[in-house]
Every structure is written in structure tokens, then in C-alpha cells.
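The structure under discussion appears below in the form of C-alpha cells.
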Amino acid sequence: MSAGEIDRRALIVGGATLALLPRTARAASVSVTARDGIFVAGVENGVAVARGIRYGRAARFRAPIAVSTPGEAVSALTFGPVAPQQGSRYGAQSEDCLFLNVWTADAGPRARKPVMLYIHGGAYSGGSVTDPLNDGAALAARGDCVVVTVNHRLNALGYLYLARLDPRFPDSGNAGQLDLILALNWVKRNIAAFGGDPDRVMVFGQSGGGAKIATMMAMPAAKGLFQRAATMSGQQVTASGPLNATVRARAYLAKLGVSERDLSPLLAMPVEKLIDGLAAIDPILGGGVYFGPVLDMTWLGRHPFWPDAAPQSNGIPMLLGNTHDETRAFISPDSDRVKTLAWDNLAERLAPELRIDILPEWVVAQYRARFPNWSPTDIFYDATTCGRSWRGQVIEAEARAAARAPTWVYQVDFAARVDPRRRAMHTMDIPLVFGTLGAAGSQTGTGPDARAASTAMQNSFAAFTRSGDPNLVGLAPWPQYDLGRRATMVFDAQSHLENDPRAWQRALFARVPYIQPGS
């Protein structure tokens with residue numbers, strides 16, 4: 001849309017130009033003049049929404065480059081395409097997927113509101129911020145922050161490590177991470193025009209989004225681009241080693257029929273075929289081939305949380321959180337392995353889901369002695385959550401506590417209302433934080449209890465974004481996490497503080513080394 005296509009009847013709002021679209025559109029728009037362009041956004045229920053802002057371009061398997069069109073009117077009315085992936089439900093896909101979105105209730109440079117930048121989950125292989133659960137309108141409508149959401153390259157396009165096979169692709173193993181860093185640079189240059197404060201940026205992300213944040217905290221190129229961080233059920237203790245990443249690259253190439261001696265066919269191959277190649281069997285983990293950040297000694301020169309928390313980020317306040325029943329999202333209660341669980345097969349079925357080398361019969365015996373009234377299903381879900389998903393968060397929190405880094409820990413106990421069997425499953429915190437309780441895919445329901453849990457999480461996240469401290473009036477005092485008390489905010493219909501919740505499980509699984517999937 002050119003400037004001439006916008007109806008010129010306008011009024012000034014907070015330093016931005018609020019213009020009416022043509023009468024037939026029956027919607028308002030706002031024109032935001034920023035360093036990298038004049039972005040024409042929509043206005044919905046008093047919130048300006050800029051969708052599909054291009055922040056970069058990237059050649060296949062290479063680092064992205066910034067896009068800037070100063071003084072040029074750019075339409076920002078529709079979401080950009082999402083990253084190519086298997087079985088996406090998010091609409092149009094394209095390799096050209098470096099787009100971000102902004103929600104703001106005060107699109108003017110004088111507002112200087114804190115900024116919440118969200119990175120989506122889906123491991124490193126899928127997902128998109130165009131999911132209705134990730135809509136930033138409710139957060140921004142509160143008027144105390146500017147919300148940004150970011151899409152970036154995924155799976156082989158974002159993390160296929162080719163550097164040891166072909167010197168033309170030195171950045172390939174961390175290209176997806178470099179996209180996110182480029183988006184943060186866009187925010188630093190432009191967010192003031194949308195009413196945001198570029199010196200108060202909190203990155204937050206769920207699942208894979210949290211893991212991407214944990215990784216950025218060890219990447220020198222990300223230093224100074226964000227001042228707070230919150231990970232929601234997303235940990236990255238160690239990255240993929242370059243040798244294992246190369247072995248995975250070879251398995252992927254073999255699936256595509258491409259010789260490692262000549263990678264040129266990869267550059268000409270239709271993107272759909274590259275996605276088909278994700279069906280390659282992972283030579284280390286089994287299942288579909290894993291892609292994730294790589295210890296390439298170029299962009300990532302150390303593991304994020306091993307042997308300690310990356311010192312470059314120990315001054316950044318951090319929230320670390322998980323849900324109480326993570327694996328009830330991964331392993332369906334309707335699956336055969338759960339429906340037919342019994343005492344005589346529990347250990348066998350538990351073993352592959354723990355993802356650590358521990359005697360499953362011993363684990364079952366310990367649980368039965370500790371929780372004699374629990375069923376095989378209760379033990380299965382608790383052990384797989386505590387031994388697998390939650391474990392990385394505990395390691396990260398303890399590493400930061402050892403470094404005396406400002407850290408707060410939470411646990412979501414609010415249980416599913418739509419399908420109660422799911423309890424406080426993985427992803428439960430997304431609608432609670434975004435306030436998208438009634439969106440498609442939400443398990444929270446929209447009752448008063450869900451609204452109470454959501455308000456507590458939203459207020460805590462907003463306070464943390466503003467000041468680097470999640471404490472607020474109306475919620476129990478929330479001390480920093482330390483190794484003596486292990487204070488944890490439990491978010492529920494009635495949120496409260498607990499010291500060292502699930503201490504027994506933490507000690508049980510601390511007997512064996514943690515293995516980060518994909519390392």
C-alpha cells in the first residue's frame with residue numbers, strides 16, 4: 001500500500017498518524033514513521049497492530065541480512081508467511097519468512113513502554129507466532145507494554161550444520177538464531193516509534209522459544225539486545241555438538257540423495273523436498289532427525305548452561321518456569337501406551353520416555369513407596385515430567401543461583417478445564433500469559449479461576465518487563481531463587497509461593513547426569 005492509497009483524513013495520536021482506511025474497509029489504520037520505514041498498521045479495539053513487518057532476508061543456509069526502507073510506506077496489515085515445516089496449520093509457508101508483528105496501545109515515541117518480544121515454541125522444527133494463542137492484543141491493551149512476536153527459519157533451513165562439509169555455509173548451524181538476533185536489532189532501531197523503550201526489552205518464549213532464548217544468552221552477538229529474559233517450559237543446557245550435528249547432516253543428505261562432496265543440489269532443490277527430508281531417522285536419538293543450535297565456535301562458543309551459566313548474561317534478570325504436568329501434552333492419555341498402562345508394564349514404557357539412563361524398575365519402586373495411592377498413569381506422567389522436561393529448568397536455575405544471578409522461578413499448577421486429563425500440561429502457560437483464554441487450542445477455559453491465574457501471570461510478567469523484578473502488589477512476595485530456599489511461585493486459581501516444590505523428585509533424578517536432547 002502506498003501513502004497515496006490511504007485516506008488523508010487523519011489525526012495525531014501520540015506522535016503517530018492515525019488515518020482512516022477507505023470507507024469500504026470500515027477499519028482504522030495508523031502510520032508509524034520509524035527508522036526502517038513508514039509502517040501502515042491496523043487499529044483494533046484501540047490497539048495498533050502491525051503485522052508482517054519484514055526484518056530481514058536470507059539466502060538458503062546463510063546468515064540473514066537486514067531490510068531497511070526509510071521513508072517508504074510499507075503495508076503491515078497481514079501476517080507474513082510462516083517458516084516451512086511439516087504439517088503446518090498456520091497458513092502459507094515460505095522460505096522468505098523473516099517477519100515480525102507489533103501490538104501497541106500508544107504508537108508514539110514519547111510513550112517509552114517496556115517491550116515484550118515473544119519467540120514461539122515447536123522445538124526448532126515447527127510452530128509460528130501466527131497461532132491465535134500468541135496474539136499480543138490482550139497484553140498490549142493493558143497499556144503497560146509493547147508486544148512483538150517473531151517468526152524465523154526452522155528445522156533444516158535454520159539449523160542444518162554444513163560448515164564442516166562445505167566452507168560456503170559457515171553460519172548454517174545457527175541461522176535460525178541469527179534471524180532472532182537480527183529481529184532484536186530491528187527492535188532496537190525501530191521500537192521507539194511504536195511507543196516502546198529499546199532499553200527495556202524482555203525476550204520471552206515457550207518450549208523451543210525458551211530454549212532459543214537460553215541459547216542466545218550464550219551468544220556474544222545477542223549481548224545488549226535484551227535486558228530481561230523469561231523461559232516458559234524451554235531449556236537449553238547444552239547445544240548440539242559439531243560432530244553429532246555433522247552426523248545428523250549426513251543422515252539428512254542421504255535421505256535427500258545429495259552427496260556431501262557436492263552440496264549444490266541443496267541450493268536448487270524445492271523447499272518442499274527439503275521438508276520431506278526431515279523424515280530422515282536421527283542417527284543418535286532415533287525418530288525424526290533433530291535440528292537445533294550448534295556449538296560451532298563461531299556464533300556459539302560455549303554451551304548455554306554448562307559447565308555454568310554463561311557469564312555474559314548473568315547480569316540479566318531471568319524468569320524460569322515450567323508446568324506441573326509437562327508430558328501430558330506430549331504423550332496423549334488416549335494413546336495405547338497410556339490407556340493400557342499397568343504395574344507389570346510401567347517400567348518398560350517409562351524407560352524410553354525418561355530420556356536418561358536410569359533403572360526404570362527402581363524408579364517405579366521409589367515412586368510406589370513414596371506415593372502409595374498413585375496409579376501407574378500418575379507415576380508415568382510425573383516421572384517423565386520430572387526426569388525429562390523439568391530437569392533442565394532446575395539445572396539452569398541452580399547454575400544461575402550459584403552465580404548469584406537475579407533469577408525467579410515459577411511453576412504452573414493451573415489445570416486444564418477443557419480436557420481435565422491433561423492437567424497442567426505443556427503449553428498451559430501460553431494463554432495464561434497472553435490472555436488468550438478463549439483462543440483455539442487453549443485448555444484453560446474462560447471461567448473466573450482461569451482469569452485469576454491469567455491476571456497473576458500477566459501482572460508478574462509485566463512487572464518483570466518494567467523493572468526486572470516480578471514482585472507486585474496483590475501477590476505473595478516472590479524472593480529470588482537460591483539454593484537454600486528454592487522459592488517458587490506456583491501460578492493457579494489462587495497463586496502462592498512454595499519453597500522447593502517437588503523436592504523429592506528433584507533429588508531422585510539428580511542421581512544421574514542430565515542429557516539435553518540433541519546434544
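Owing to the predicted nature of the structure, the values given are computational and were not obtained by experimental measurement.
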Are the charged groups of [X] and [Y] less than 4.0 angstrom apart, N to O?
X	Y	value
E398	R486	yes
E44	R51	yes
E353	R337	yes
R54	D96	yes

For [X] against [Y], the heavy-atom pair lying closest together:
X	Y	value
G392	Q235	C-CG, 3.4 Å
T385	T323	CG2-O, 4.3 Å
P283	V247	CG-CG1, 3.4 Å
L300	P293	CD2-CB, 4.5 Å
A351	P360	CB-CG, 3.8 Å
R506	D500	NH2-OD2, 2.7 Å

Practice item. Could you grab the distance from atom OG1 of T149 to atom CG of N151, nearest 0.5 Å is fine? Key: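 If we round to the nearest 0.5 Å, T149:OG1 and N151:CG are 7.0 Å apart.
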Practice item. Please step through salt bridge (charged side-chain N to carboxylate O under 4.0 Å, His left out) for the pair D449 and R417, ending with a clear verdict. Key: CA-CA 10 Å; D449 52 356; R417 301 310 198 241; 2.7 Å; yes
Quiz question: by atom type and distance under 3.5 Å, do the side chains of [X] and [Y] form a donor-acceptor pair?
X	Y	result
Y159	Q177	yes
Q494	H496	no
D131	S128	no
R142	N459	yes
Q505	D382	yes

Practice item. Show your reasoning for whether side-chain contact (heavy atoms from CB on, under 4.5 Å) applies to L497 and T488. Key: CA-CA 6 Å; L497 191 78; T488 301; 5.7 Å; no
Practice item. Kindly indicate, with the supporting measurements, whether the criterion salt bridge (charged side-chain N to carboxylate O under 4.0 Å, His left out) is fulfilled by R248 and D282. Key: CA-CA 6 Å; R248 290 185 167 107; D282 191 288; 2.7 Å; yes
With heavy-atom distances below 4.5 Å as the criterion, would you say the side chains of [X] and [Y] are in contact?
X	Y	result
L278	Y252	yes
D429	Q206	yes
R400	M217	yes
K212	H120	yes

Short side-chain to backbone donor-acceptor contact, [X] and [Y], under 3.5 Å:
X	Y	result
H324	A424	no
R422	A416	no
T455	A452	no
T340	D336	yes
D492	S495	no

Check your understanding: Would you find more than 12 non-hydrogen atoms of other residues, nucleotides or ligands less than 6.0 Å from W299 atom CH2?
Key ->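 Atom CH2 in W299 is not packed in, count stays at 12 or less.
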Exercise for review: Under the side chain to side chain donor-acceptor pair (under 3.5 Å) rule, collect the residues that match up with T465, sequence neighbours excluded.
Suggested key: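 Side chain to side chain donor-acceptor pair (under 3.5 Å) list for T465, sorted by chain: empty.
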Check your understanding: Which is it for D334 and R421 under the salt bridge (charged side-chain N to carboxylate O under 4.0 Å, His left out) test, yes or no, and what are the steps along the way?
Key -> CA-CA 10 Å; D334 293 321; R421 298 173 303 167; 2.7 Å; yes
Check your understanding: Do the ring planes of W103 and F79 sit parallel (below 30°), tilted (30 to 60°) or perpendicular (above 60°)?
Key ->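 Because their plane-to-plane angle lies in the 30° to 60° range, the rings of W103 and F79 count as tilted.
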Check your understanding: How are the rings of Y367 and W504 set to each other: parallel, tilted or perpendicular (split at 30° and 60°)?
Key ->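 The arrangement is perpendicular - the two ring planes meet at more than 60°.
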Point to revise | Intermediate values then yes/no, side-chain contact (heavy atoms from CB on, under 4.5 Å), F371 and D378 | key: CA-CA 10 Å; F371 306 107; D378 292 334; over 6 Å; no
Exercise for review: Please determine which of F464, F434, F226 meets the ring-ring contact (aromatic ring centres under 6.0 Å, His included) test together with F204.
Suggested key: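 Considering F464, F434, F226, a ring-ring contact (aromatic ring centres under 6.0 Å, His included) with F204 is found only for F434.
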